[in-house]
Asker: 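Here it is, the structure, as structure tokens.
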Amino acid sequence: MPDASTASVSPTANIGVVGLAVMGSNLARNLASREGNTVAVFNRSYEKTETLVTEHPEAGFVPASTYEEFAAALQKPRTAIIMVKAGGPTDAVIDELMRVFEPGDIIIDGGNSLFTDTIRREKAVREAGFNFVGMGVSGGEEGALLGPSLMPGGPDEAWVTLGPILRSIAAVAEGEPCVTHVGHDGAGHFVKMVHNGIEYADMQLIAEAYDLIRRGTGKTPAEIADVFAEWNRGELESYLIEITAEVLRQNDAATGRPLVDVIVDEAGAKGTGAWTVQTALDLGVPVSGIAEATFARSLSSHREQRDVSGALPGPSDDAFTVPDADAFIEQVRLALYASKIVAYSQGFDEIRAGAAQYGWTIDLGAISRIWRGGCIIRAQFLNRIADAYAAEPELPVLLSAPYFVEALGRAQAAWRDIVQIAAGAGIPAPAFSSSLAYYDGLRAERLPAALIQGQRDFFGAHTYRRTDKPGTFHTLWSGDRTEIEAEDTH
Ligand code: NBP
């Protein structure tokens with residue numbers, strides 16, 4: 001603990017960080033490295049503060065050992081970024097800051113909070129006279145240190161103070177800082193949640209592509225790394241494709257085997273994929289690619305269920321080889337690109353639906369631009385999304401933009417072949433197949449939903465509408481089966 005005489009610090013810092021685990025300490029270092037910033041730092045257990053300050057004297061941190069000291073170190077309006085574990089810890093820190101801060105001060109939650117918590121907190125903190133900003137931070141520890149993609153929500157008033165600071169620490173993509181004021185209250189955390197959902201889908205699609213290539217061509221992980229490195233020079237160029245090549249090229253020092261063969265095949269998750277899907281279900285938005293990716297992780301991690309694998313009949317593993325490896329790899333690339341368009345399109349749909357539900361004005365083109373740098377899903381491809389929304393801001397579904405229609409048209413034959421090949425060979429490709437099914441669902445002039453409406457009317461008198469005249473109808477199924485006009489009970 002510092003000497004008690006240091007307790008009366010003068011307000012020299014223009015920004016503070018609470019929570020100095022990996023994300024908070026890196027974000028604090030990033031802030032301190034920018035011209036004009038002096039950063040106050042506080043952590044519940046003082047050792048972390050001490051370590052950070054000692055290891056980084058160049059940062060000129062102002063350490064605080066109590067919330068009172070932290071408040072005293074900050075110029076007004078005090079601005080503090082909380083980087084602690086989401087949930088109860090975030091509420092605890094907000095309460096402490098409200099105790100020592102004054103009305104008009106700005107409290108920012110940079111953790112991975114659920115957007116509905118952010119809406120609740122924003123209301124409570126605002127009613128107490130403070131500004132509250134829920135901010136999505138993407139890019140992991142390296143992003144936090146060198147430049148993350150930042151998705152702040154909260155009031156316009158806070159953005160005036162916060163905007164210049166956040167612009168100074170964000171990643172830069174094509175000359176633009178990867179930060180925008182996403183919208184009010186929980187908008188920032190909502191968009192960050194969907195970002196993570198899209199990340200799940202993208203990773204699953206890449207994993208399916210790898211699996212198909214490996215099982216179909218017999219190439220080694222190192223050889224497949226070359227394929228991904230090549231793909232990274234084209235329209236699939238992205239951070240996730242780039243790191244996939246790195247992971248596949250890595251050999252395990254202990255066994256000499258490819259590392260990917262040594263890693264247990266059970267994917268973990270911290271819950272943001274599930275939040276994205278749960279929220280989409282509530283909003284009635286079909287994010288099937290994200291859902292399949294989330295469920296694929298669940299399936300992988302249920303080892304006790306997977307132990308039945310030997311008992312389930314299917315094509316034999318070694319019965320599958322493709323005659324022309326290069327042609328097959330190109331088909332997989334096209335299937336991956338098409339499925340990726342679907343996943344992003346679904347994610348942007350969810351953002352649009354969330355904005356409508358919660359009263360946010362969200363510029364979808366700006367969201368695609370701030371994801372071009374710093375974050376995990378950064379990709380060339382996001383420029384195409386920005387172009388699509390620039391040309392038509394009210395685009396009803398992203399994949400209907402001319403660029404994507406052309407790309408899907410170019411890919412669809414290969415996409416269908418790959419899904420068929422995977423099914424025939426007994427190779428699970430849930431995200432590839434569900435993306436294609438979604439695409440064909442959108443394409444279909446008539447869907448069998450008409451039959452579902454008939455069934456619903458049969459067992460529950462839920463009524464239906466007709467194609468040939470307005471109104472709502474019910475068939476007297478248990479009577480003489482004539483049709484009557486009915487109240488709409490859809
Ligand atoms: P953790 O999520 O592991 O949280 C550890 C921090 O929370 C420590 O500073 C700890 O203080 C503090 N804390 C806890 Br736990 N309970 C507290 C309480 N009741 N009061 C005050 N402080 C408390 O840290 P992280 O991995 O650096 O992540 C920080 C936030 O950023 C999280 O919300 C995370 O979801 C989010 N995020 C993480 C990533 C990533 O790649 N890791 C990316 C984007 C966002 P202590 O030292 O005293 O225990």
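Atoms within a ligand are numbered from 1 in the order they appear, just like the ligands themselves. Just so it is clear, the values below take in all heavy atoms, side chains as well, and ignore hydrogens, waters and symmetry mates.
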Asker: Determine whether the aromatic ring centres of residues Phe115 and Trp275 are separated by less than 6.0 angstrom.
Answerer: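 Here the rings of Phe115 and Trp275 have centres that are no less than 6.0 Å from each other.
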Asker: Between Pro89, Gly24, Ala86, Ala92, flag the one that comes closest to atom 16 (N) of ligand 1 by a heavy atom.
Answerer: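 When every heavy atom of Pro89, Gly24, Ala86, Ala92 is considered, Pro89 comes closest to atom 16 (N) of ligand 1.
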Asker: Salt bridge between Asp265 and Arg303, side-chain N to carboxylate O under 4.0 Å?
Answerer: yes
Asker: Of all the atoms in ligand 1, which lie at a distance below 4.0 Å from a heavy atom belonging to Gly19?
Answerer: 9 (O)
Asker: Looking at Phe132, is Arg121 sitting on its ring face, NZ or CZ under 6.0 Å from the six-membered ring centre and within 45 degrees of the normal?
Answerer: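 Judged by the rule, Arg121 and Phe132 form no cation-pi pair.
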Asker: Who's the nearest protein heavy-atom neighbour of atom 48 (O) of ligand 1, and how far?
Answerer: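 Among all protein heavy atoms, the one nearest atom 48 (O) of ligand 1 is Ser45 OG, 2.8 Å.
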Asker: Quick one: nearest non-hydrogen protein atom to atom 38 (C) of ligand 1, plus distance?
Answerer: Met23 CG, 3.4 Å
Asker: Show me which atoms of ligand 1 lie under 4.0 Å from any heavy atom of Lys85.
Answerer: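 In order of number, 2 (O), 4 (O), 7 (O), 15 (Br).
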Asker: Considering only the protein, which heavy-atom contact is closest to atom 47 (O) of ligand 1, and what is its distance?
Answerer: Lys48 NZ, 2.5 Å
Asker: I'd like to know whether Trp371 forms a ring-ring contact (aromatic ring centres under 6.0 Å, His included) with Phe348, so could you lay out the CA-CA distance, the side-chain angles of the two residues, the decisive distance to 0.1 Å, and finally the verdict.
Answerer: CA-CA 12 Å; Trp371 287 349; Phe348 276 87; 5.5 Å; yes
Asker: Verify whether the ring centers belonging to Phe130 and Phe101 lie closer than 6.0 Å.
Answerer: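 No; Phe101 has its ring centre 6.0 Å or more from that of Phe130.
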Asker: For atom 31 (O) of ligand 1, what's the nearest protein heavy-atom neighbour? Residue, atom name and distance, please.
Answerer: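 The closest one turns out to be Met83 CE, 3.6 Å.
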Asker: Which residue holds the protein heavy atom closest to atom 35 (O) of ligand 1, what is that atom called, and what is the gap in Å?
Answerer: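 For atom 35 (O) of ligand 1, the nearest protein heavy atom is Asn112 CB, 3.3 Å.
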Asker: Quick test: of every protein heavy atom, which one is nearest to atom 14 (C) of ligand 1, and how far off is it to 0.1 Å?
Answerer: Arg44 NH2, 3.6 Å
Asker: Between Glu235 and Arg384, is the closest basic N to carboxylate O distance under 4.0 Å?
Answerer: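 The answer is no: the pair does not qualify as a salt bridge.
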Asker: For atom 26 (O) of ligand 1, what's the nearest protein heavy-atom neighbour? Residue, atom name and distance, please.
Answerer: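 Of every protein heavy atom, Val22 CG1, 3.6 Å lies nearest to atom 26 (O) of ligand 1.
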Asker: Which heavy atom of Lys48 sits nearest a heavy atom of Leu20, and at what distance?
Answerer: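 Here Lys48 and Leu20 meet closest at CD-O, 3.4 Å.
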Asker: Can you spot which of Trp415, Tyr438, Tyr439, Tyr344 makes a side-chain hydrogen bond (donor to acceptor under 3.5 Å, both in side chains) with Ser339?
Answerer: Trp415
Asker: Quick one: are the ring centres of Phe228 and Tyr210 less than 6.0 Å apart?
Answerer: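 No, ring centres 6.0 Å or more apart.
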Asker: Please report which non-hydrogen protein atom sits nearest to atom 24 (O) of ligand 1, along with the residue it belongs to and the distance in Å to one decimal place.
Answerer: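 Going by distance alone, atom 24 (O) of ligand 1 is nearest to Ala21 CB, 3.5 Å.
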Asker: Could you tell me which atoms of ligand 1, counted from 1 in the order shown, lie closer than 4.0 angstrom to a heavy atom of Asn43?
Answerer: 8 (C), 9 (O), 11 (O), 46 (P), 47 (O), 48 (O)
Asker: Find all atoms of ligand 1 within a distance of less than 4.0 Å from any non-hydrogen atom belonging to Val137, and give their numbers and elements.
Answerer: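 Checking each atom against Val137, I get 44 (C), 45 (C).
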Asker: My understanding is that we take every heavy atom of each candidate and find the minimum distance to atom 30 (C) of ligand 1. Doing that for Val84, Thr49, Val18, which one comes out nearest?
Answerer: Val84
Asker: Hey, which atoms in ligand 1 end up nearer than 4.0 Å to a heavy atom of Leu20?
Answerer: 9 (O)
Asker: Which of the atoms in ligand 1, numbered in the order shown and given with their element, are less than 4.0 Å from a heavy-atom of Gly140?
Answerer: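 Per the distance check, 41 (O).
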Asker: Would atom 20 (N) of ligand 1 count as contacted, meaning some protein heavy atom under 4.0 Å?
Answerer: yes
Asker: Strictly below 4.0 Å, N to O, side chains only: are Arg214 and Asp261 in salt-bridge contact?
Answerer: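 Looking at Arg214 and Asp261, the cut-off is met.
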Asker: Would Arg233 and Glu237 pass as an ion pair if we require N to O under 4.0 Å?
Answerer: no
